[in-house]
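These notes are about the structure you will find just below.
To find a chain, count down the sequence lines: A is the first, B the second, and so on, and within it residues start at 1. Quick note: numbers below take in every heavy atom, side chains included, and nothing from hydrogens, waters or symmetry partners.
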Amino acid sequence: MKAYINAHGIISPQRTFDGAFFENGLEEYTQPQMHCIEPDYKEFINPAKLRRMSRILKMGLGAASLCVQRGTQPDAIVIGSGFGCLADLEKFQYAMKAENEQLLSPTPFVNSSHNMISSQIAIALGCNGYNMTHFHAALSFENALLDTLMLLNSGDAQNVLVGGIDEITEQLFSITDKLNIWRKDNCSNKNLFEGTHRGTLMGEGAAFFIIGTKPNNGNPVQITGTHTFIDGNADIVSEAADFLGTLNLTIADIDTMILGRNGDAENDCVYDALENCCQANIVHYKHLCGEYRTSSAFAMWLGANILQRQQIPQCAIKRKSGKNNYSNILIYNHLNGTEHAFTVLSK
Amino acid sequence: MKSEEELINDLKAQIIEALSIEDLTPADIDADAPLFGDGEGLNLDSIDAIELVLLIEKQYHIHIDDPRTRRTILASVRAMAKFILENQKE
Amino acid sequence: MPQRVFITGFGIISAIGNGADETLASLKAKRSGIGRLELFESALSNIPVGEIKKSALELSELAGIEHNVHNSRAFLLGLIAAKAAMQMAGYQKGYNRMGMIGSTTVAGQDLLDTYYTQMLDGTLVDAEMHRAFTGADATEKIAITLGIKHNVTTISTACSSSANAIMNGVRMIRSGLADTMLVGGMDSLARFSLNGFNALEILSPTGCKPFDQDRNGITPGEGAAFLVLESEAKTAGKQKYGEIRGFANFNEAYHQTLVNPDGVYAEAAMRKAIETAGLQPADIDYLNAHGTGTEANDLVESKAIKSVFGDHLPHISSTKGFTGHTFAAAGAIECVFSLLAINNNLALPNVGFSTPIDETGIVPVTEPTSMKINNIISNSFGFGGNDTSLVISKAE
C-alpha cells in the first residue's frame, strides 16, 4: 500500500493559505511571537459553522476546509496537537479562580477538550468515520501520521484528513518566556540562524493534509514512512539508519533533509551529526513558522512542495549539495533532545 | 428603569456577544422569533440556554432557580426582556 | 483473519481498590467507592465523587518512587496501574518492539491548579512543572520509567480516550509495528473538570444512577488502568487473560457535547465491533455500558442496545455506580472489569439502579451473577460524539 499527499491546507506565519508565499518570499517578524496569517474564514466557511469557535478551532476548520476544497471528502480525521485548545483551557482555569467556582460559562470548558478540533471538523464536514486526537508534545503530528498510514494500510479508510495544529497564547508565551525559551533581542526571523545564541522564536500553525491510497494528480508525493522515539541519549545517525532500513532505504538515498533547527545553540547541536554524515541538501524551516509542538507538519508541507516543484525555496536552503533532483526527503525534528520524530517523503 | 424596547436592544447586543454570533447584528434578530428549536429563529441549543441564564444572572442579577421555567423565560428576546422587567429589583 | 491480540497483564486503581483482588472484592460485595470529596478544597465539595482516598505521598509509595512535586496525581495513578500490568505480563522493562499508548483528559490539572498563577506571575520558574501541566508528560514519564522507547503516544478523545488507546494498541500490533503494547488511561479528580461538568449542569447531586428512570447526572471519579497487549506469537507459554477481538470507532458529527438522540453511531460502533470480532450479537454474554447516568446518554445508549440486540439482550450493567465516571480512564478501567468478569464468569452488578427507564424498559444486572461469559462488549462514548466499542473475549 502507498500513501499519497493529495491535498494540503496550511495556515502559518507565512502567506501559505493561498500559496502566495512562493511568490512573495519570507514574511519578516522582529518580535519573538510569529502569529499566523489567517484567511478570512467567512469567505469559504458558512459563518454559522464558525459560531462558538475559538481561534484554534477556526484555524483547524479553515485548514481542513482548504484541504477538502482541493482534494476529496475524507472518511477519517486524525489530529495531532501538542497543547490542544489551550486558550480555552486558560480561559476556563482563569474564570474558575477569579469567580471562585461560581457562575462559570460552559463554552470554554467544552472548547478546551483536546478532541474538539477533530470533532468540530467532523461536524462541519459531516464525517462519521474514525476520529482521533493524538496529544503527545512534539510527537503529536507524527503519531497522527502513523495512525493515518495504519488506517490506509488496513483498508479502513481511503482518504484521511490528518493535521498538526497548535496556537500561541499570551499566557503560554508569558510562562515560557520566563523559562528563557524565546529570543529577547528582537532578532528577526531572517537572521535566526546567524551567530551563536540561546533561545528561538515562538510559532504556531495549522497544517492539514488529505492522504489517500491513490494519487489524485500526475505529480504525486508519497509518504514513505514515519517513526517516533523517546531517548535522552540517542545516537540520531544510527536511529535514522535503522528507520530508513525498515523502508529499504539508506542515508545515501536521501537527497534532502529538512531539519528542525531553531537557532538555539543547545537545541541545534543535536542535528549536527545527521547533517555531517551525508552530502544531502539541508533545509531548515523554523524561521518560517517558529518553534511549536507540531511544527513538523509545516516541514511536511514544505517537503511536499519541494518534491512537486523540484525546487527548494531560496529562503529555506541551509546547505546546497550538487543534488538538484529531489526524490527522497528525510524530515527530522526533536524536542529537548528527548522526543525525536522522522518522516520520509518520496517522489 | 429601561423600557421594554430599550432592554430588548441591550439584550440583542449582549446575546450576540455571549453566544459569539459574529455574523449577525442586533437589527438581524427578531425580538419575537423563537430563540430555540430546529431551524427556527437563532436555532440555539442547550449550551446556549445555560449561557443565557448566566447572562441574566450576571448582567441583571436575577437568579433562575427552576430549570424547567427556562424554556418559557428564554422563548424569545421579548420574553427575556419581560421576565427581566418583572423580576428586576428597583 | 487479522492477527489475534491477547492481554497478558493488567493493572487497575480506582475508588473501589488498588489491583485486581481489591477491585473484584468490591464488585462482588456491591461496595461503591462514591462518597465525599476529601483531598482538595472546592466550592463543589458537596458533589459526590469517586475519589481514591490516598494522598500523593501514599500514591508515590504504591508506585515505588520518591515523592516529587512535579508528579501529577494522574501520572502516579497511571504508573501504579502500568507497573502492575507489566509485572503481571512478566516484564521488568520495555524492549525494542514494545510501544505505549497512554490517554488522559486532565493529567496535570492538579498541578496547573496549584502552580499556574505562580508560573504566570513569575514567582515560580520551573520548566519541569510547565511540562507536567500537559497530559503527554504523564505518558512519557511512565514510558521512561518502564524503559519503553519507540512508538509512544497519548490519545485524548474525552471519555472514550482509553478505549481508543486499547483499540489502537491492537492496530499497532496487527500492522506489525510492535509485538507488545502497554495501553491504558489515567485521570484524576480536579477542580477544572468538576467545575466544567458543573457548568454544563450534568453533575449528579446524589451519586449517579445509571439506567434508572430517576437518574440525575454523572458522578466524577478518578483512576487508571493499563493493559499489556501482545501478538499471538509473543504469548507462547504465557498466561492469557483475554483477547481484544473486535473494535470500532465512529464520530456522530452531531454536536460538541450533545449525543445524537437517534443513537445511530452508538449502534454502529457496537455492530461493527461485533462484526470485526467475527461474532453475532447473540454471542455477546455481557455488555459493560458507558452508562454515565445522564438523562441523554442512558436513554440513547439503551435505544442503541435494543436496536443491536433486539429481544435477546445480553446481561447489561454500567459499573460507573462503583467508580464514578473516570473520564479518559473509563474505557481501560471497564476493560479490566470485563477481564475480571470473563475470568471469574461473573456478570457485574449495576449499583444505583431501581426503576427502569420508561421508554426502553432495560433492566440491568443488579446482583453479581455467576454465568458462563465468553464475550463482552464494552462501550465508551465521549464528548464530540466519539463512540468506541470493544469486544473482549475469553482467551482460548
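Closest non-hydrogen pair, Met116(A) versus Gly384(C), comes out as CE-N, 4.4 Å.
Here the CD atom belonging to Glu101(A) is positioned 8.0 Å from the CG atom belonging to Leu194(C), to the nearest 0.5 angstrom.
Under the 3.5 Å distance criterion, the side-chain polar atoms of Lys178(A) are left unmatched by any main-chain donor or acceptor of Thr123(C). Panel note: side chain Asn115(A), backbone Phe383(C); a donor-acceptor pair is recorded below 3.5 Å. Judged purely by atom type and a 3.5 angstrom limit, Asn251(C) has no side-chain atom pairing as donor or acceptor with the backbone of Gly129(A). Asn386(C) places a side-chain N or O within 3.5 Å of a backbone atom of Asn131(A) that can act as its donor or acceptor partner.
Contact residues of residues 228-239 of chain A toward chain C are Thr228(A), Phe229(A), Ile230(A), Asp231(A), Glu239(A) (heavy-atom distance under 4.5 Å). Proximity to chain C among residues 80-91 of chain A is limited to Phe83(A), Leu89(A), Glu90(A), judged by heavy-atom separations below 4.5 angstrom.
For Asn153(A), no part lies under 4.5 angstrom from a heavy atom of chain C. In this structure, chain C has no heavy atom under 4.5 Å from any part of Ser118(A). If you measure heavy-atom distances from Thr176(A) to chain C, the contacts under 4.5 Å come from the side chain alone.
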Scan the side chains in residues 256-264 of chain C for donor-acceptor partners under 3.5 Å anywhere in the protein, sequence neighbours excluded, and list what turns up.
residue   : atom : partner   : partner atom : Å
Gln256(C) : OE1  : Arg52(A)  : NH1          : 2.8
Gln256(C) : NE2  : Asn111(A) : OD1          : 3.2
Asn260(C) : OD1  : Asp262(C) : N            : 2.9

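Among the candidates His130(C), Glu128(C), Met129(C), the single residue satisfying the side chain to side chain contact (heavy atoms under 4.5 Å, CB included) test with Leu179(A) is His130(C).
Residues satisfying the side-chain contact (heavy atoms from CB on, under 4.5 Å) test with Asp179(C), not counting sequence neighbours, are Tyr95(C), Arg97(C), Ser231(C), Lys234(C).
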Margin query: Apply side chain to side chain contact (heavy atoms under 4.5 Å, CB included) to residues Leu151(A) and Arg171(C) and explain how you reach the verdict.
Written below: CA-CA 9 Å; Leu151(A) 282 174; Arg171(C) 292 174 59 227; 3.3 Å; yes
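Ring centers of Phe197(C) and Phe109(A): under 6.0 Å apart, within the cut-off.
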